[in-house]
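Take a look at the structure below.
Note that the structure is predicted; figures quoted are calculated from it, not measured.
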Amino acid sequence: MTTKPFDSKDFLKNLTHQPGVYRMFDESGEVIYVGKAKDLRKRVGSYFREKVDRPKTQTLVAQIHSMDVTVTNSEAEALILENNFIKKYRPRYNVLLRDDKSYPFIFVSGHQHPRLAFHRGTRREKGDYFGPFPNGSAVRESLRLMQKLFPVRQCEDSYYRARSRPCLQYQLQRCLAPCVEGYTTDAEYSEQVQLAKAFLQGRNQQVIDQLVVRMEEASLDLQFEKAARYRDQISALRKIQERNAVTGNQQELDIIGYVRRGGIAAVHLLFIREGAVQGSRSYFPRVPPDTDDSEILLSFMLQFYLNTSLGRRLPREIILPEANATQLLDPEQDLELLEAALVQKVRITNKVRGERKQYQVLAQKNALNALESKMNQASTALMRTQCLEAVLDLGISIQRMECFDISHTMGQETVASCVVFDQQGPKKSDYRRFNIKGITPGDDYAAMAQALAKRYDPVKDDTSETAVLPDILFIDGGKGQLSMAEQYFADWGSRAPLLIGVAKGESRKPGLETLIIAGSHQTIPLKGDDPALHLVQHIRDESHRFAITGHRQRRAKVRRTSRLEDIPGIGAKRRQKILQNLGGLHEVKQASIEQLAAVPGISREMAETIYHAFRDE
């Protein structure tokens with residue numbers, strides 16, 4: 001059945017001149033491109049001119065089946081809506097920022113005696129969050145510093161509740177010991193918490209001034225030990241200020257470096273906070289062919305700074321790469337528009353001098369270094385893949401390789417991993433883990449059979465081009481594990497991937513691995529310095545790492561999970577009521593049916609279910 005081509009003339013005839021966002025759909029209804037426009041009719045009409053020079057635009061227009069527009073009040077609103085649509089639909093012809101990890105924060109809890117802690121992820125717990133920081137090491141370094149400056153606890157709540165006497169941190173004068181009565185007052189502890197918060201907000205001088213007042217008050221009251229503690233805090237904060245004066249005077253900056261070469265774009269960010277480089281990070285956006293540098297950088301900044309789900313806080317100033325070196329953004333249009341979209345007052349510039357100029361050069365150097373490292377990794381992976389093709393003598397180009405591994409502890413919480421490599425190296429977006437259930441504990445062969453079925457059953461009868469199958473499937477193990485894969489793919493015919501077992505040497509020493517080809521079980525020994533062997537080792541080690549990580553997570557989850565959670569009909573409120581009435585999980589396990597039935601809200605039938613659930617473990 002042929003579909004009716006997109007009638008651009010009819011569409012443009014009724015299109016408004018107002019600002020807004022347009023979406024392009026292909027024949028399957030998938031959004032393939034999202035764009036914004038100051039004038040929708042002019043911008044959309046530019047795609048359908050008789051002569052379109054850019055190959056990217058020609059390819060895009062050829063796939064348009066339908067279009068949709070959303071009118072906005074201003075071009076700045078269109079920028080924000082465009083960013084939201086890109087995050088939602090992830091169109092293949094837009095520049096996409098792959099940045100799934102949330103940024104870490106310093107968390108000050110909302111307890112009676114708050115604690116300072118490292119936090120990453122959803123902010124469910126009540127309290128104050130300070131950040132975000134560029135990486136975890138920056139948070140931990142800040143926490144170590146704050147432990148010396150402010151005697152506020154950083155211990156876990158379980159440890160805090162269990163104390164009957166002060167811990168070593170009290171002896172080191174790094175905590176006021178709020179866990180034990182008689183060592184500090186709530187007011188004194190709260191004062192230190194407020195000072196810590198002010199310090200995290202960058203109000204260093206205000207903190208020092210307040211400590212000076214407290215020191216003088218304590219001295220007048222003849223509380224010399226307390227005055228000495230305030231004096232030491234002031235001295236430590238003075239040293240921090242001196243260090244900041246040496247490292248730099250810029251308080252809150254983000255500096256962006258940008259390099260593009262060989263179809264790869266690298267964006268490097270330097271984060272300046274409190275007068276020092278607090279961290280840096282490199283990004284490699286997915287860039288469609290024939291995309292302008294200005295579009296890449298503008299899309300990156302919008303997706304980076306407007307991504308509120310990651311809790312980023314805008315700096316006071318953003319410094320872009322030097323204009324005369326890259327000619328990336330139009331200062332009069334793009335930068336003003338970007339500032340309007342960010343809402344908050346942010347200074348965006350690329351013309352700087354002095355210390356900020358040095359930061360700009362440093363960011364550019366880091367972007368270039370990141371790009372070169374990325375390209376070297378890609379070329380190394382391609383070279384290793386080509387060496388493997390030569391060793392196997394397949395006569396085809398290897399596009400996709402997968403590897404399976406099994407991990408468990410004494411047969412418990414078995415997890416199978418499937419990692420994916422292509423000619424550029426690991427393709428982590430395609431990694432998969434499978435929880436293995438219903439097998440004899442420790443039966444790795446049955447676990448492998450179940451993992452293969454979970455991965456390939458959905459595409460077994462799918463003969464379309466969208467069915468994703470590997471060219472080579474590596475099995476981490478000897479002939480036994482390989483035979484399970486052979487049995488599974490026995491009726492697949494020519495669609496089956498090439499199966500290769502990776503057997504360890506006699507001493508299990510790296511470099512002695514042997515490849516076992518399915519069917520003939522012919523072995524291919526490889527030299528220790530063979531690039532093909534290095535690729536196989538990388539794939540095998542990555543599958544092993546990914547399986548162990550998944551197994552540890554599953555095992556940790558089981559340890560954190562109460563057996564009560566697995567009993568049907570026991571929700572969070574009933575579980576809490578049972579534990580409160582009986583005193584804990586151990587007491588629940590030992591309780592009789594009568595004791596369980598005596599808990600408010602628990603019927604005798606439910607009590608019997610709980611009783612037998614623990615007896616059947």
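- With salt bridges taken as basic N to acidic carboxylate O contacts below 4.0 Å, none links D457 and K460.
- Heavy-atom minimum distance, A453 versus P458: O-CD, 4.0 Å.
- Ion pairing of D405 with R540 is absent here, as no side-chain N (NZ or NE/NH1/NH2) approaches a carboxylate O to less than 4.0 Å.
- In this structure, L362 and L270 have side chains that are in contact, with non-hydrogen atoms separated by less than 4.5 Å.
- There is no side-chain donor-acceptor pair under 3.5 Å between D292 and S294.
- Here OH of Y89 is found 11.5 Å from CD of E30. Values are rounded to the nearest 0.5 Å.
- Applying the ring pair (Phe, Tyr, Trp, His ring centres under 6.0 Å) test to every pair with at least one member in residues 12-43, sequence neighbours left out, gives these pairs: Y22-Y47.
- Residue K454 qualifies as enclosed at atom NZ: its count of foreign heavy atoms under 6.0 Å is above 12.
- One finds the CG atom of L388 at 5.0 Å from the CD1 atom of I472 (value rounded to the nearest 0.5 Å).
- Checking S66 against E27 by side-chain atom types alone, no donor-acceptor pair falls below 3.5 Å.
- Of all heavy-atom pairs between Q364 and P321, the closest is OE1-CB, 3.8 Å.
- Figure legend: R120 and F105 shown without cation-pi pairing, the cationic atom not lying both under 6.0 angstrom from the six-membered ring centre and within 45 degrees of its axis.
- Not less than 6.0 angstrom separates the ring centroid of F404 from the ring centroid of F474.
- N369 places no side-chain N or O within donor-acceptor distance of the main-chain N or O of K365, the cut-off being under 3.5 Å.
- One N or O on the side chain of Q360 and one on the backbone of L320 form a donor-acceptor pair closer than 3.5 Å.
- In summary, E322 and K351 do not engage in a salt bridge, as defined by a charged side-chain N under 4.0 Å from a carboxylate O.
- Side-chain atoms of R433 come within 3.5 Å of backbone N or O of F546 as a donor-acceptor pair.
- A donor-acceptor pair shorter than 3.5 Å can be found between the side chains of E542 and Y431.
- Side chain of Q18 to main chain of D39: no donor-acceptor pair is present (N/O by atom type, distance under 3.5 Å, no hydrogens or angles).
- The CG atom of N94 lies 12.0 Å from the CD1 atom of I296; values are rounded to the nearest 0.5 Å.
- Panel note: side chain T549, backbone R545; a donor-acceptor pair is recorded below 3.5 Å.
- No side-chain donor-acceptor contact under 3.5 Å links R384 to the backbone of Q423.
- With hydrogens and angles ignored, the 3.5 Å screen pairs a side-chain donor or acceptor of R41 with a backbone N or O of L15.
- Panel note: side chain E75, backbone K36; no donor-acceptor pair is recorded below 3.5 Å.
- The two atoms that bring P288 and R260 nearest to each other are O-NH2, 4.4 Å, heavy atoms only.
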Begin from the C-alpha positions of Q358 and R353 and carry the test side chain to side chain donor-acceptor pair (under 3.5 Å) through to its verdict. CA-CA 8 Å; Q358 293 175 0; R353 290 192 241 171; over 6 Å; no
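- Rounding to the nearest 0.5 Å places CD of Q63 at 9.5 Å from OG of S28.
- Looking at every heavy atom in both residues, V34 comes nearest to E82 through O-OE2, 3.7 Å.
- By the 4.0 Å N-to-carboxylate-O rule, R400 lies too far from D471 to be salt-bridged with it.
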In sequence, state the C-alpha distance, the side-chain angles, and the governing distance for Y258 and F300, and then conclude on ring pair (Phe, Tyr, Trp, His ring centres under 6.0 Å). CA-CA 11 Å; Y258 174 84; F300 169 83; 8.9 Å; no
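- The CG atom of L535 lies 11.0 Å from the OG1 atom of T380; values are rounded to the nearest 0.5 Å.
- For F11 and F6, the gap between ring centers is short of 6.0 Å.
- Closest approach of A265 and V287 over heavy atoms only: CB-CG2, 3.9 Å.
- For the pair I32 and R23, the minimum side-chain heavy-atom distance is 4.5 Å or more.
- To the nearest 0.5 angstrom, H119 atom NE2 is 12.5 Å from I106 atom CD1.
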Stepwise side chain to side chain donor-acceptor pair (under 3.5 Å) test for E402 and Y456: CA-CA 12 Å; E402 297 185 8; Y456 297 111; 2.6 Å; yes
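- Taking the six-membered ring for Trp and the full ring otherwise, the centers of H538 and F421 sit less than 6.0 Å from each other.
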